[in-house]
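One-based numbering, in listed order, for ligands and for the atoms of each.
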Amino acid sequence: MISVPNFAPLLAGFWFRDAASTGAADVDWLYFFILWLSVFFFFLITALTVAFVARYYARPGHAAEHTPHHNNALEAAWSIFPGFLVVAIFYWGFTGYLDLRTPPENAYEIRVVAKKWNWSFMYPNGVVDPNLHVPADQPVKLVMSSDDVLHSLYIPAFRVKMDVVPGRYSTLWFEATKPNDESYDQAIDATTTGSDENGYDLFCTEYCGQGHSAMLAKVIVHKSGTFETWLEDAAKIDPASSPVELGKDIWKYRGCAQCHSVDGAKGTGPTWKDTYGTEQATDKGEVTVDENYIRESILNPMAKIRDGYKGVMPSYQGQLKDAEIASVIWYIKSLKEGEEVAASWDEIGGVPGQEETPAEEGADGDEPADAEEPAEPADAAPADEQ
Ligand code: HEC
Ligand SMILES: [Cu+2]
């Protein structure tokens with residue numbers, strides 16, 4: 001966009017992360033343009049001040065002279081020339097800002113939820129990950145909201161930053177250019193920041209309380225074609241993992257927590273604590289809160305409405321997979337005093353709807369890149385919002 005020589009490398013190596021997005025060059029260019037311009041004028045003005053003092057200071061034998069009142073040429077020059085500079089800065093700043101604020105139509109959309117003190121990134125197929133995985137060379141749009149206080153999402157290598165505000169959606173977009181999925185090590189968590197080697201750093205840059213400095217994540221840019229593979233793998237559930245834990249994650253990350261408490265508190269919906277196996281009154285008569293009733297309540301909430309509650313729960317038909325519904329049931333079971341729960345899916349005959357034993361959840365770093373299935377922008381809206 002701006003076709004002036006790029007002198008960003010003069011300082012970028014010392015202060016900035018290596019740029020890794022399409023928009024980064026413009027941001028760097030303008031930043032360093034303003035920086036070097038300021039440095040130039042700082043030295044010019046300082047040098048002239050010193051020179052004039054040395055030449056004109058009051059001393060014996062020197063009579064004070066009248067200063068000339070006016071010099072039209074000089075005054076016009078020092079107004080017009082800097083005028084051009086600030087107009088240029090405004091122009092580059094404003095057009096750059098518009099670029100940053102306008103995601104391309106075909107951008108791949110990822111939902112982001114910030115809360116004290118972690119990030120959740122949600123993909124159209126229902127995968128929820130604490131790190132941000134994106135395809136390379138494709139515009140990505142983040143649709144962000146906060147569950148509690150003001151946060152701010154910042155990815156230095158991409159030169160993007162945006163506040164995440166409670167009660168509204170904010171958006172941000174970028175196109176990553178340098179894949180790092182091969183150097184990414186699953187074992188290292190997001191709290192090892194300080195370099196972009198093991199995934200690009202992602203920070204919260206709005207002080208949000210005690211755990212603010214640990215509100216970190218990594219951005220993993222998958223090279224063309226491998227993002228889809230990662231997404232598919234991430235959707236698979238490790239049979240050795242705990243169904244109760246998955247159910248808890250779904251409660252936490254998929255919106256159930258807004259209406260259902262797990263500590264007995266009454267909310268928009270009934271609490272999940274100590275309800276499993278109990279008899280409850282509904283508009284269709286007494287029901288036992290068992291597997292079938294829970295399943296029906298999730299897929300078709302209007303079928304039976306609990307006394308004392310309104311039929312406001314959205315249906316999760318098509319949004320939660322069999323295994324996820326099963327995990328919610330296990331979680332609700334685990335919240336009932338004295339109820340036996342399975343420690344792993346293996347213990348209860350595997351993950352429902354998932355036959356073969358998958359590799360570790362989300363691990364695809366060392367798979368050869370097969371480009372048969374080019375990454376396609378998902379046209380689906382985020383499936384998890386109510
Ligand atoms: C907008 C609020 C809201 C959200 C979000 C919500 N629910 Fe509900 N839910 C309700 C209300 C209200 C009821 C009681 C009325 C009814 O039965 O439809 C209910 C009832 C239920 C019941 C029956 C429980 C009982 O004791 O009768 C289950 C199970 C359930 N919800 C599961 C879920 C799951 C799982 C999620 C998240 C994936 C979820 N709900 C999200 C409002 C919500
Ligand atoms: Cu924060």
For [X], take its heavy atoms, then give the atoms of ligand 1 lying under 4.0 Å from any of them.
X: Gly269; value: 10 (C), 11 (C), 12 (C)
X: Ile298; value: 32 (C), 35 (C)
X: Tyr309; value: 14 (C), 15 (C)
X: Val328; value: 35 (C)
X: Cys259; value: 1 (C), 2 (C), 3 (C), 4 (C), 5 (C), 42 (C), 43 (C)
X: Ser297; value: 22 (C), 23 (C), 28 (C), 29 (C)
X: Trp272; value: 32 (C), 33 (C), 34 (C), 35 (C)
X: Val312; value: 1 (C), 12 (C)

Of the side chain and backbone of Pro270, name the one, both, or neither that has a heavy atom under 4.0 Å from an atom of ligand 1.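 The answer is the side chain of Pro270.
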Applying a 4.0 Å heavy-atom criterion (strictly less than), which segment of Trp251 is in contact with ligand 1: side chain, backbone, both, or neither?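 The answer is neither; Trp251 stays 4.0 Å or more away.
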Residue pair [X] / [Y]: nearest heavy atoms and the distance that separates them:
X: Trp330; Y: Glu340; answer: CZ3-O, 3.9 Å
X: Asn180; Y: Gly199; answer: ND2-CA, 3.2 Å
X: Tyr276; Y: Ile332; answer: CB-O, 4.0 Å
X: Val134; Y: Ala176; answer: CG2-CB, 4.4 Å
X: Gln280; Y: Val289; answer: CG-CG2, 3.7 Å
X: Ala303; Y: Glu296; answer: CB-CD, 3.6 Å

Going by the closest heavy atom to atom 20 (C) of ligand 1, which one wins out of Lys304, Lys252, His260, Gln258? His260
Which residue from Arg306, Lys310, Met313 reaches closest to atom 12 (C) of ligand 1 through any of its heavy atoms? Lys310
I would like to know whether Ile220 and Trp230 meet side-chain contact (heavy atoms from CB on, under 4.5 Å); could you show each step before the answer? CA-CA 11 Å; Ile220 296 94; Trp230 171 82; over 6 Å; no
Hey, mind stepping through Phe40 and Trp36 against ring pair (Phe, Tyr, Trp, His ring centres under 6.0 Å) and telling me if it holds? CA-CA 6 Å; Phe40 172 77; Trp36 285 114; over 10 Å; no
Between the side chains of Arg17 and Asp201, is the shortest nitrogen-to-carboxylate-oxygen separation below 4.0 Å, so that they form an ion pair? yes
So, are Asp283 and Lys304 salt-bridged, with charged N and O less than 4.0 Å apart? no
Indicate yes or no: does an N/O atom of Pro301 lie under 3.5 Å from an N/O atom of ligand 1? yes
With respect to Tyr293, determine whether any N or O atom, backbone or side chain, lies less than 3.5 Å from an N or O atom of ligand 1.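 It does: an N or O of Tyr293 is found under 3.5 Å from an N or O of ligand 1.
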Which protein N, O or S atoms sit under 2.8 Å from the Cu ion (ligand 2)?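 Counting only protein N, O or S atoms under 2.8 Å from the Cu ion (ligand 2), the list reads His151 ND1, Cys204 SG, Cys208 SG, Met215 SD.
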Of Arg111, His151, Lys115, which meets side-chain hydrogen bond (donor to acceptor under 3.5 Å, both in side chains) against Ser145? Arg111
Hydrophobic clusters join Ile, Leu, Val, Met, Phe, Trp and Tyr when side-chain heavy atoms are under 4.5 Å apart, directly or via other members; which others share one with Leu98? Phe90, Phe94, Tyr97
Would you say that Met162 contacts Trp173 through its side chain, given a criterion of any heavy-atom pair below 4.5 Å between the two side chains?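 Side-chain contact under 4.5 Å: no.
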